[in-house]
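Worksheet: the structure to be examined is printed underneath.
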Amino acid sequence: MKSFKEKLTQHQYDLRKTGIDILQVNVGKLCNLTCSHCHVEAGPSKVKENMDLRTAQAIVRLMDEFHPKTLDLTGGAPEMNPHFRYLVHQAHQRAIHIIDRCNLTILFEQGMQDLGDFLAQHQVEVIASLPCYTQDNVDQQRGRGVFGKSIEALQELNRLGYGQSNSGLVLNLVYNPVGAHLPPAQEKLQQDYKQRLSDDFGIVFNKLYTITNMPITRYAKFLKTFNQLESYCELLVNSFNPGTLDGLMCRNTLSIGWDGKLFDCDFNQMLGMGMRKDHELTVFDVTKKDLESWQVLTANHCFGCTAGTGSSCQGTLQ
Ligand code: SF4
Ligand code: SF4
């Protein structure tokens, strides 16, 4: 088997950053859920791994240094971080597009009663995980009762205008496979989701993104338990598609950890593959010049992004 680096060499592809269009900020591992596929290994007990104000303020400095088009907030459940709203305010003031990667059930947690209104007021795009339109599959992956709460949350977001045509409030959903296989075609699955969610629950949304599960951290352990880790990794390698390389999200994204460390993407972050020059790069001192023509740090998990039609935090690449 060729390594990912060898594949790049074979295709004479020099994987470098083209600029920083997206600041993707992982504000911490604190979450109200504990999903089996979670590559962040998030959960309710991860109270310490949570971004502090000093780091959030340094991110505001990066907004002014890099002038990104998008601030992409993820976690854990990003809304549980005490500085989530500060970051949203700051980005909104600078006319930066904001994404909240929301697990939906968070809308019903204590202290979150006004969350939907807050997101709508700041024109935050909501990208919400919903691994299936049926209860069994969602509850299997995300925990018992999650499907019902997710449906209620989507209905609430629709009431606020999210997903409705001409409202300007964008509601996108994310599908990731429950089993050890690649996601089906995004377009066709989107049609199925639209039909079923509308017929069964009166829900509307904008787009569905299909995302390949990364065989790292909690999901790797899950596959190992069922003796599927090796075959799943082989599937990713055998499905390598060079046509996905130009669209890889690491080319225009800067991923930031809860403690201010910098990474090429969220997956590298979870694997501790930090960006280094002669020292570790952090939000506290990085400059535009540091990242000019930056060569992306890769390893074999990268096959998860290049398999089939490709995968990124914005769905397929082709
Ligand atoms: S997948 Fe998302 S909702 Fe589930 S535990 Fe991880 S961060 Fe929380
Ligand atoms: S895992 Fe990260 S670094 Fe590797 S190809 Fe995907 S986005 Fe790029």
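Quick note: numbers below take in every heavy atom, side chains included, and nothing from hydrogens, waters or symmetry partners. For ligands, and for the atoms within them, numbers begin at 1 and follow the listed sequence.
- Every protein residue with a heavy atom nearer than 4.0 Å to ligand 2 is included here: Leu248, Met249, Cys250, Cys265, Phe267, Asn268, Val296, Leu297, His301, Cys302, Cys305.
- Under the 4.5 Å side-chain criterion, counting only non-hydrogen atoms from C-beta, Leu236 is in contact with Leu182.
- Residue-ligand proximity: Gly76 is placed with a non-hydrogen atom under 4.0 Å from ligand 1.
- Between Glu156 and Arg159 a salt bridge is recorded (basic side-chain N to carboxylate O distance below 4.0 Å).
- Here Arg54 pairs with nothing under the side chain to side chain donor-acceptor pair (under 3.5 Å) rule; sequence neighbours left out.
- Taking the six-membered ring for Trp and thresholds of 30 and 60 degrees, Phe303 and Phe240 have ring planes more than 60 degrees apart, a perpendicular arrangement.
- Using a 30° and 60° split on the angle between ring planes, Phe84 and Phe118 fall in the tilted class, from 30° to 60°.
- Checked by atom type and distance alone, the side chain of Gln186 pairs as donor or acceptor with a backbone atom of Thr316 at under 3.5 Å.
- For Phe205, the ring pair (Phe, Tyr, Trp, His ring centres under 6.0 Å) criterion is met by no residue, not counting sequence neighbours.
- Neither Val88 nor Ile127 shares a network with the other; the hydrophobic side chains, linked directly or stepwise wherever heavy atoms of I, L, V, M, F, W or Y lie under 4.5 Å apart, form separate groups for each.
- Side-chain contact between Tyr162 and Val124 is present, with heavy atoms from C-beta onward closer than 4.5 Å.
- Considering all non-hydrogen atoms of both residues, Thr210 and Pro183 come closest at CB-CB, 3.8 Å.
- Counting only protein N, O or S atoms, 1 lie closer than 2.8 Å to atom 4 (Fe) of ligand 1.
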